[in-house]
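Worksheet: one structure, shown below.
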Amino acid sequence: MVLGVSFPVVRHRVLRMSVAVVVAAGLTLSGACGGGGGDTLSVGVLLPGGGASRFGQFDRPLIEKKLKELCPACPAATVAATAEPAVQRQQLDAMITRGVDVLIVAAINPEALRSSVQEAERAGIPVVAYDRLAQGPVSGYVTFDGATVGRLQGQALLKAMGAKANGGQIVMMNGATIDPNAGWYKEGALSVLKGKVKIGKSYDTVGWRPEKAYVNMSGAIAALGPGNIDGVLAANDSLAGAVISAFNAAAVRPLPPVTGQDADLAAVRRIVQGDQYMTIYKPFEPAAAAAAEMAVALGRGDTVDSIATGTVDSPTTEDIPAVLLPSVPVTVDTIEETVVKDGMYTIAQICTPTLQSACDKAGLAP
């Protein structure tokens with residue numbers, strides 16, 4: 001059936017643990033190796049980026065590590081990464097042909113993968129959607145609550161704007177329309193911003209590509225005037241970096257507050273320097289743990305109802321068991337107690353020689 005929604009419809013169950021416990025300790029993984037076909041369970045993992053991307057740096061090694069903990073005798077996960085939707089579909093089809101037992105898929109284009117997810121179901125291969133909700137008969141979903149992400153960004157932007165939060169003008173640099181999370185973030189942000197600020201320009205960034213955001217932001221500066229933009233709601237850190245580059249190219253000073261998401265190292269450095277106001281830190285370890293637990297359970301023929309904290313609807317499927325994890329806003333005042341405390345980055349990684357003075361001012365000492 002087609003439900004016609006552009007972002008996940010969420011129904012929460014009563015959470016079985018506090019936000020603090022989830023963020024600090026991750027999910028408790030109860031699956032044990034052994035029994036049935038568990039010792040030969042093969043898992044395919046498809047990610048929308050590798051190498052220096054967030055998925056390559058954090059998600060992939062964490063998923064692989066947790067799968068190995070859950071089933072030490074199982075073969076290593078088969079991992080494929082690409083930024084191209086057509087290539088990801090080919091990779092998914094290849095894993096189905098290969099005959100993996102279960103798939104973890106972070107979709108680049110959820111709609112484009114629908115037929116492949118349907119084919120996986122026909123082949124008896126359950127699919128766990130990771131971070132982004134693929135269309136088709138998905139058996140489980142792990143992500144961060146997108147509405148909360150957007151609200152946190154909107155609230156932070158209003159705080160940073162000060163007196164201009166009442167009637168000031170902002171630009172919204174949203175994500176790609178093919179990504180349901182982008183709509184989720186936008187709706188969350190608008191629930192906070194509407195009626196308080198004027199949205200001078202709003203862009204949906206094709207493919208989440210920074211070069212598109214740079215062009216769009218340059219156009220907004222030209223159309224609205226460099227002194228008439230009081231803040232920018234940028235949906236993630238890559239877009240935030242492009243927005244700031246456009247301001248720098250136009251010699252805009254002072255820079256208006258700019259939001260972000262993903263706690264990229266470059267973004268954390270920009271926050272220390274004062275160019276970016278905030279980012280959203282999404283602790284990847286509990287997300288990877290939940291995806292691995294769901295995959296192992298489904299691969300062994302079990303349900304994931306005891307793992308899920310709620311359900312979501314996609315445009316094609318209702319009541320998908322889901323784990324919706326909390327996110328954490330990061331500003332210059334909270335870097336040490338968030339991304340440093342959790343071991344995402346060290347102060348030495350953040351505080352390059354050119355940032356040493358700014359780090360000293362922020363109280364970031366080795």
Side-chain angles (χ1 to χ4, degrees), residues 3 5 7-17 22 26-32 36-38 41-48 55 59-60 62-64 66-67 69-71 74 77-79 88 92 95-96 100-107 110 113-114 116-146 180-181 184 282 284-326:
L3 303 177
V5 294
F7 52 94
V9 176
V10 182
R11 286 180 291 278
H12 291 277
R13 297 175 187 157
V14 177
L15 293 177
R16 291 180 290 279
M17 59 188 77
V22 172
L27 294 176
T28 300
L29 300 175
S30 57
L41 189 67
S42 60
V43 182
V45 181
L46 291 102
L47 301 174
F55 291 96
D59 299 86
R60 172 179 177 166
L62 288 168
I63 289 171
E64 291 178 311
K66 194 54 64 176
L67 287 171
E69 289 178 10
L70 284 167
C71 191
C74 290
T78 302
V79 183
Q88 187 178 57
L92 178 51
M95 288 189 182
I96 294 171
V100 297
D101 294 306
V102 63
L103 287 158
I104 298 174
V105 181
L113 283 188
R114 182 192 301 182
S116 293
V117 173
Q118 291 169 335
E119 182 59 33
E121 183 188 45
R122 285 191 287 269
I125 303 171
V127 175
V128 176
Y130 184 72
D131 191 68
R132 302 170 184 176
L133 183 53
Q135 293 187 19
V138 169
S139 299
Y141 181 36
V142 177
T143 194
F144 294 85
D145 191 323
N181 284 359
W184 212 3
K282 301 188 293 188
F284 303 124
E285 188 167 4
E293 187 176 8
M294 277 191 166
V296 170
L298 289 166
R300 292 173 175 160
D302 298 329
T303 72
V304 295
D305 290 344
S306 64
I307 303 169
T309 59
T311 63
V312 301
D313 296 343
S314 77
T316 61
T317 310
E318 288 185 313
D319 297 327
I320 300 166
V323 174
L324 302 173
L325 294 162

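Reckoned from all heavy atoms, side chains included, excluding hydrogens, waters and symmetry mates.
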Interatomic spacing from CD in Glu285 to NZ in Lys66 - rounded to 0.5 Å
6.0 Å
Rounded distance [0.5 Å steps], CD1 in Ile63 versus CZ in Phe55:
8.5 Å
For Glu121, give me all partners under side chain to side chain donor-acceptor pair (under 3.5 Å), at least two apart in sequence or on another chain.
none
Of Val100, Ile104, Val128, Leu103, the residue whose pairing with Val43 passes side-chain contact (heavy atoms from CB on, under 4.5 Å):
Ile104
Quick one, Leu113 and Gln88 - any side-chain contact, counting heavy atoms below 4.5 Å?
yes
So which atom in Val45 and which in Met95 form the shortest heavy-atom distance, rounded to 0.1 Å?
O-CE, 3.8 Å
Do Asp145 and Trp184 touch side chain to side chain, with heavy atoms closer than 4.5 Å?
yes
Taking the side chain from Asn181 and the backbone from Asp131, do they hold a donor-acceptor pair closer than 3.5 Å?
yes
Does any N or O in the side chain of Tyr130 come within less than 3.5 Å of the main-chain N or O of Ala107, such that one atom is a donor and the other an acceptor?
no
Give a yes or no on whether the backbone of Gly136 and the side-chain of Thr316 come within a donor-acceptor separation of less than 3.5 Å.
yes
Nearest 0.5 Å please: distance from the OG1 atom of Thr78 over to the CD atom of Glu64.
9.5 Å
side-chain contact (heavy atoms from CB on, under 4.5 Å) with Val323: which of Val304, Thr143, Ile307?
Ile307
What closest approach, in Å, do Pro286 and Leu325 show between heavy atoms, and which atom pair accounts for it?
C-CD1, 3.8 Å
So do Val312 and Leu324 actually touch side chain to side chain, heavy atoms under 4.5 Å?
yes
Not counting sequence neighbours, list each pair that qualifies as a ring pair (Phe, Tyr, Trp, His ring centres under 6.0 Å) and has a residue in residues 299-324.
none
Write down the atom of Ala129, the atom of Ala134, and the distance for their closest heavy-atom approach.
CB-N, 3.9 Å
Roughly how far, to the nearest 0.5 Å, is CD1 of Ile125 from OG of Ser116?
11.0 Å
Would you indicate whether the side-chain heavy atoms of Ser314 and Ile320 approach each other to under 4.5 Å?
yes
Quick one: are Leu133 and Pro110 in side-chain contact, heavy atoms under 4.5 Å?
no
Nearest atoms (heavy-atom pairs only) where Met294 meets Pro321
CE-O, 3.7 Å
How close do Asp101 and Ser42 get, counting heavy atoms only, and between which atoms?
OD2-N, 2.7 Å
If you look at every heavy atom in Leu67 and Ala77, which pair is closest and at what distance?
CD1-CB, 3.8 Å
